[in-house]
Amino acid sequence: MDNKFLKIEKLKYYLLILFVVIQPILDIYYLYTDKVVNTIGFSPSTLIRIGITVILCILTLITLRDKKRWLFIGSYIAIVLIYTIIHIINANNFYSLVPGDFGYSLVGELFYIFRMMIPLSILFITYNMDISSDDFAKAVVGILLLIAGTIVITNILKISLNSYTNEPIKANIFEWFTGAYNKYNYSSLASKGVFNFANQIAAILVLLLPVMLAIYSTKQNKLNLFTVIITILAMIMLGTKVALFGAVIDVFIFIAILVFMKLFKKENTLNKKNLIMLGLSLIVIGGLFMKSPAINREIVARYVRINNSKVEVEGVEDNHKEQSKNQVEPKKLNDSQLKNSEAVEDKNIDDLENKGMDKVIQPSKNDKKAMIEYIEKNYKNLMVNEQFVKNSYPYKYDPEFWVDIINLPVVERLDWRNLEQKMLQRVMDINDNSMDKYFGLSFTRTQNIFNLERDFLSQYYSLGTVGVLVFLGPYVILALICFLNMLIKFKEKFNIINLSLCYAVLFALGVSYYSGNVLDALTVTIILAFILGHLTNLVFKKLINGKVN
């Protein structure tokens, strides 16, 4: 191996690690503000990510000697090109009741597909690079300290952006216990530091916490212990259900992993330092759980769902006015009841519906004018999102659809993800093209309708089942193959690090389906690809004298 080759490998090695570690910096909110984006046309973070990825790809191709991997690269690129051509052809064959083509853009579509290739490139590059366990651990610690440290410090100083409105928080963690919830809404207390989207930061922390727990179990030093605790603290401060319950699930799953290794591989996993780390983690979670913004959000959300399950409705038909006179206002809860989640029972929703609280008389679907009038009078009172009705899928062009939506049960009306999917499905149904199921409606259209907050399903509507397999399939398939290979080579491959990495990837993918807006976010997918690439390297590289070859 010549000196020039070694220099290129070394450059690629450290550039990759640096690139992954700076992802949180590239996700700072201010880099995505209109002022910055409008100056150059897009966020500088995108330019940096594209530039470094291209450099890494070039360095990888220069040093790649394996003919089989060259064949793999060529085959995959050919698949992507064929898919893209068919996808674009199908996207151009589109019909809708709504004029304007939902802002479809050929350039935007091609750019999106290119963006989807960036994390897959990082996955391949990481797999082909033997990253040492020390450098991998330093990278994970670096990412977590950047994210968690920023969230905790800015929360304490009360300069953090809140997780929902990008305004500064009104109170810090200490004030959770001194009456902050009597003064402010949960959203004013949830902290995301200086980062762009809370749910994406939550996904990264959910992904990296089990990895960090595994790293601590093999390198039990004070820095790693501090990183574990501050990560859990930041997840609670973040104020999303994904972050809070993700922390709980990660810790308990890791406890199960340690117990399994103790029982079936006779490893000393339940040692004093591991037990101290787990004890501190559980104390932090237990002490803050009921005071967390995420739990208070649930209390408020359940109250809003019940209190708004029926307000008086103006129907378009005369006999509906008589019905509205007999309707009863839902009982309002006082402040003390609001603080007690048990005071708000889900069964009350059914009680309200059984009393005829939101039964309305539909106009004839042969009378478009009557349907439009009916929608205009009722959508606000029945708490249907105005953005959906007026902008995403305008009711004036398809009133029949919105009449049906308005008369859904209250739980379905207030479930925005449900309505997001129904709008996309309606557009697909109206287009009536069987190829949409396989090649999608296009990303630019689906985003201009509304961003469906459920990954995999969102990509199904934008890219089709073939697109999901091509661009998201590798994450799921590789993780499952790694787990299978670990079972086959149980003695040498089934260990705490490999199992935690595999669990972390699969759990993060599950979280993306639940929360959405994850797998289209390069901040998340680049780190996910790095973790999965390293796992694949560990699981499939041959061992010589206990070391990776």
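All figures in this text were calculated on a predicted structure; none of them were measured in a lab.
Screening residues 28-41 for side chain to side chain donor-acceptor pair (under 3.5 Å), with sequence neighbours left out, gives Y32-R49. Each side chain to side chain donor-acceptor pair (under 3.5 Å) pair with one or both residues in residues 65-80, not counting sequence neighbours, appears once here: R69-N128.
Ring geometry, F136 versus H534: the interplanar angle falls under 30°, so the pair is classed parallel (tilted spans 30 to 60°). Between Y393 and F401, the two ring planes are perpendicular [angle over 60°; tilted spans 30° to 60°]. Relative orientation of the F443 and Y112 rings is parallel, given thresholds of 30° and 60° on the angle between their planes.
For K192 (side chain) and L161 (main-chain N/O), no donor-acceptor pair under 3.5 Å exists by modelled atom type.
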Test side chain to side chain contact (heavy atoms under 4.5 Å, CB included) applied to T465 and K437, step by step
CA-CA 6 Å; T465 52; K437 296 178 182 178; 5.5 Å; no
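No cation-pi contact links K493 to F483, judged by a cut-off of 6.0 Å to the six-membered ring centre and 45° from its axis.
At a cut-off of 3.5 Å, with distance as the only test, no side-chain donor of D367 or Y374 sits close to an acceptor on the other residue. Using a 3.5 Å distance cut-off with no hydrogens or angles, the side chains of Q459 and D520 do pair a donor with an acceptor. Side-chain atoms of Q425 and Y461 form a donor-acceptor pair, as typed in the model, at a separation below 3.5 Å. A donor-acceptor contact under 3.5 angstrom links the side chains of D135 and Y13, judged on distance only.
Between Y503 and D250, some side-chain heavy-atom pair lies under the 4.5 Å cut-off.
Contact between A247 and L209 at its shortest, heavy atoms only, is CA-CD2, 4.0 Å. Here the closest non-hydrogen pair linking I151 and G193 is CG1-N, 3.9 Å.
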